[in-house]
Undergrad: 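Let me give you the structure first, and then I'll get to my questions.
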Amino acid sequence: MNPMKIAVAGASGRMGHMLVEAILNADDAQLSGALDIPASPAIGTDAAAFLGKPAGVLIESDLAKGLADSQFLIDFTRPEGTLEHLKYCAANNIKMIIGTTGFDAAGKAAIVEAAKYTSIVFAPNMSVGVNVTMKLLEMAAKNFSEGYDIEIVEAHHRHKVDAPSGTAIKMGEVIAGALGKELNDVAIWAREGVTGERDPSSIGFATVRGGDIIGDHTVLFAGIGERIEISHKSSSRVSYALGSLRAARFLADKKTGLYDMQDVLGLR
């Protein structure tokens, strides 16, 4: 069986390094390309130089060069960069695994449109554990639909630029959907000053930023006389990288279509 030829966007970043290493360690994958922004000092260097064992793949800013021999692109960058990559991949039949967060409605619509021309896994969190947690939240929400206040608390490192995290928002969407609601109709994104009593139909969000926290998420179902907390805590980005490889394997036989990690894991 031929290995999957996978390129990495943002190859010189923290997540990019983790993806490069995971691909090099996978028996069924081959690092075929690496991308970064033109201003990156890593342009022209070997994508695996940080490991002390060069892979023979240079980091490029030009998409045609960086993706010349690739079947897949894994992208955990910024919305504006991902959308540029998306156009190229859709036009050149390159499958995408998108872990970028912070897209606006137009960006999400562009992903939907691109999935008519190539296959895409788009998820705010590629961790297998997080996505199993999503399923647990759906089950919990259906049983705690009355008499329980729902709060979502997330914490990430100081460098994260969007809030709440894409994972926290997805958790809210899953819970709201299980309750037959739209998240935007019930979400309380922040609290300050005299807010009055809590609306029992709302879903509250709280955000923490600091240090090198990889990603912690807790959903609190607070009732009378009891509370239930469902948490997922990441200690390494390796879980995101391994989940991304699992997503690539899922897409291997799919020419077009938009999927998420629930599809990849068979949790529908």
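It should be emphasised that the depicted structure is a prediction, and the values quoted were computed from it without experimental measurement.
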Undergrad: Other than I43, what residues sit in its cluster of Ile, Leu, Val, Met, Phe, Trp and Tyr side chains whose heavy atoms are under 4.5 Å apart, directly or through others?
TA: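 Besides I43, the hydrophobic cluster comprises I59, listed by chain and residue number.
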Undergrad: If a pair satisfies salt bridge (charged side-chain N to carboxylate O under 4.0 Å, His left out) and one of its residues is in residues 115-131, list it, with sequence neighbours excluded.
TA: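 Non-adjacent pairs meeting salt bridge (charged side-chain N to carboxylate O under 4.0 Å, His left out): E113-K116.
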Undergrad: Just to verify, what does F122 make a ring-ring contact (aromatic ring centres under 6.0 Å, His included) with, not counting sequence neighbours?
TA: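 Expected list: F103.
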Undergrad: Tell me which pairs pass salt bridge (charged side-chain N to carboxylate O under 4.0 Å, His left out) where either residue lies in residues 144-157, with sequence neighbours left out.
TA: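 Every pair satisfying salt bridge (charged side-chain N to carboxylate O under 4.0 Å, His left out) with a residue in residues 144-157: D149-R198, E151-R191, E151-R198, E154-R209.
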Undergrad: Excluding sequence neighbours, so at least two apart, what forms ring-ring contact (aromatic ring centres under 6.0 Å, His included) with F205?
TA: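 In terms of ring-ring contact (aromatic ring centres under 6.0 Å, His included), with neighbours along the sequence ignored, F205 is linked to W189.
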Undergrad: Using the salt bridge (charged side-chain N to carboxylate O under 4.0 Å, His left out) rule, collect all pairs that involve residues 83-96, keeping only residues at least two apart or in two chains.
TA: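 Qualifying pairs, neighbours excluded: E84-K87.
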Undergrad: Show which side-chain atoms of residues 11-30 pair as donor or acceptor with protein atoms under 3.5 Å away, not counting sequence neighbours.
TA:
{"from": "S12", "atom 1": "OG", "to": "D36", "atom 2": "OD2", "distance (Å)": "2.3"}
{"from": "H17", "atom 1": "NE2", "to": "S12", "atom 2": "O", "distance (Å)": "3.4"}
{"from": "N25", "atom 1": "ND2", "to": "E21", "atom 2": "O", "distance (Å)": "3.2"}
{"from": "D28", "atom 1": "OD1", "to": "R249", "atom 2": "NH2", "distance (Å)": "3.1"}
{"from": "D28", "atom 1": "OD2", "to": "R249", "atom 2": "NE", "distance (Å)": "2.6"}

Undergrad: Write down the atom of P164, the atom of T207, and the distance for their closest heavy-atom approach.
TA: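 For P164 and T207, the tightest heavy-atom pair comes out as CA-OG1, 3.8 Å.
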Undergrad: Only pairs at least two apart or in different chains count here, so list each side-chain hydrogen bond (donor to acceptor under 3.5 Å, both in side chains) that has a residue in residues 98-111.
TA: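 Residue pairs with at least one partner in residues 98-111: D75-T100, T82-T100, T101-D162.
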Undergrad: Ignoring hydrogens and angles, write down the donor-acceptor pairs under 3.5 Å from the side chains of residues 259-268, residues two or more places apart or on other chains.
TA:
{"from": "Y259", "atom 1": "OH", "to": "T256", "atom 2": "O", "distance (Å)": "3.3"}
{"from": "D260", "atom 1": "OD1", "to": "Q262", "atom 2": "N", "distance (Å)": "3.0"}
{"from": "D260", "atom 1": "OD1", "to": "D263", "atom 2": "N", "distance (Å)": "3.1"}
{"from": "D260", "atom 1": "OD1", "to": "R268", "atom 2": "NH2", "distance (Å)": "2.7"}
{"from": "D260", "atom 1": "OD2", "to": "R268", "atom 2": "NH2", "distance (Å)": "2.5"}
{"from": "Q262", "atom 1": "NE2", "to": "N131", "atom 2": "O", "distance (Å)": "2.9"}
{"from": "D263", "atom 1": "OD1", "to": "R268", "atom 2": "NE", "distance (Å)": "3.1"}
{"from": "D263", "atom 1": "OD2", "to": "D260", "atom 2": "N", "distance (Å)": "2.9"}

Undergrad: So, taking the atom named CG in L35 and the one named CG in L73, what distance separates them when rounded to the nearest 0.5 Å?
TA: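 Going from the CG atom of L35 to the CG atom of L73 covers 6.0 Å.
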Undergrad: Can you name the closest pair of heavy atoms from A47 and L31 and give their distance?
TA: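 Closest pair (atom of A47, atom of L31, distance): CB-CD2, 4.1 Å.
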Undergrad: Can you give the donor-acceptor pairs under 3.5 Å from side chains of residues 167-186 to other protein atoms, not counting sequence neighbours?
TA:
{"from": "T167", "atom 1": "OG1", "to": "N125", "atom 2": "ND2", "distance (Å)": "3.1"}

Undergrad: Tell me, yes or no, whether the heavy-atom count around F144 atom CZ, taken from other residues, nucleotides or ligands under 6.0 Å, exceeds 12.
TA: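 Atom CZ in F144 is crowded, with more than 12 foreign heavy atoms closer than 6.0 Å.
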Undergrad: Can you tell me if T45 uses its side chain to pair, donor with acceptor, with the backbone of A42 under 3.5 Å?
TA: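 Present.
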Undergrad: Taking ring-ring contact (aromatic ring centres under 6.0 Å, His included) as the definition, give me every residue that meets it alongside H217, ordered by chain and number, with sequence neighbours left out.
TA: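 With neighbours one apart ignored, the set is H156.
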Undergrad: Listed by chain and number, what are the ring-ring contact (aromatic ring centres under 6.0 Å, His included) partners of H85, not counting sequence neighbours?
TA: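 For H85, no residue satisfies ring-ring contact (aromatic ring centres under 6.0 Å, His included) once neighbours in sequence are set aside.
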Undergrad: Hey, is the main chain of D199 close enough, under 3.5 Å, to the side chain of S202 for a donor-acceptor pair?
TA: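 Yes.
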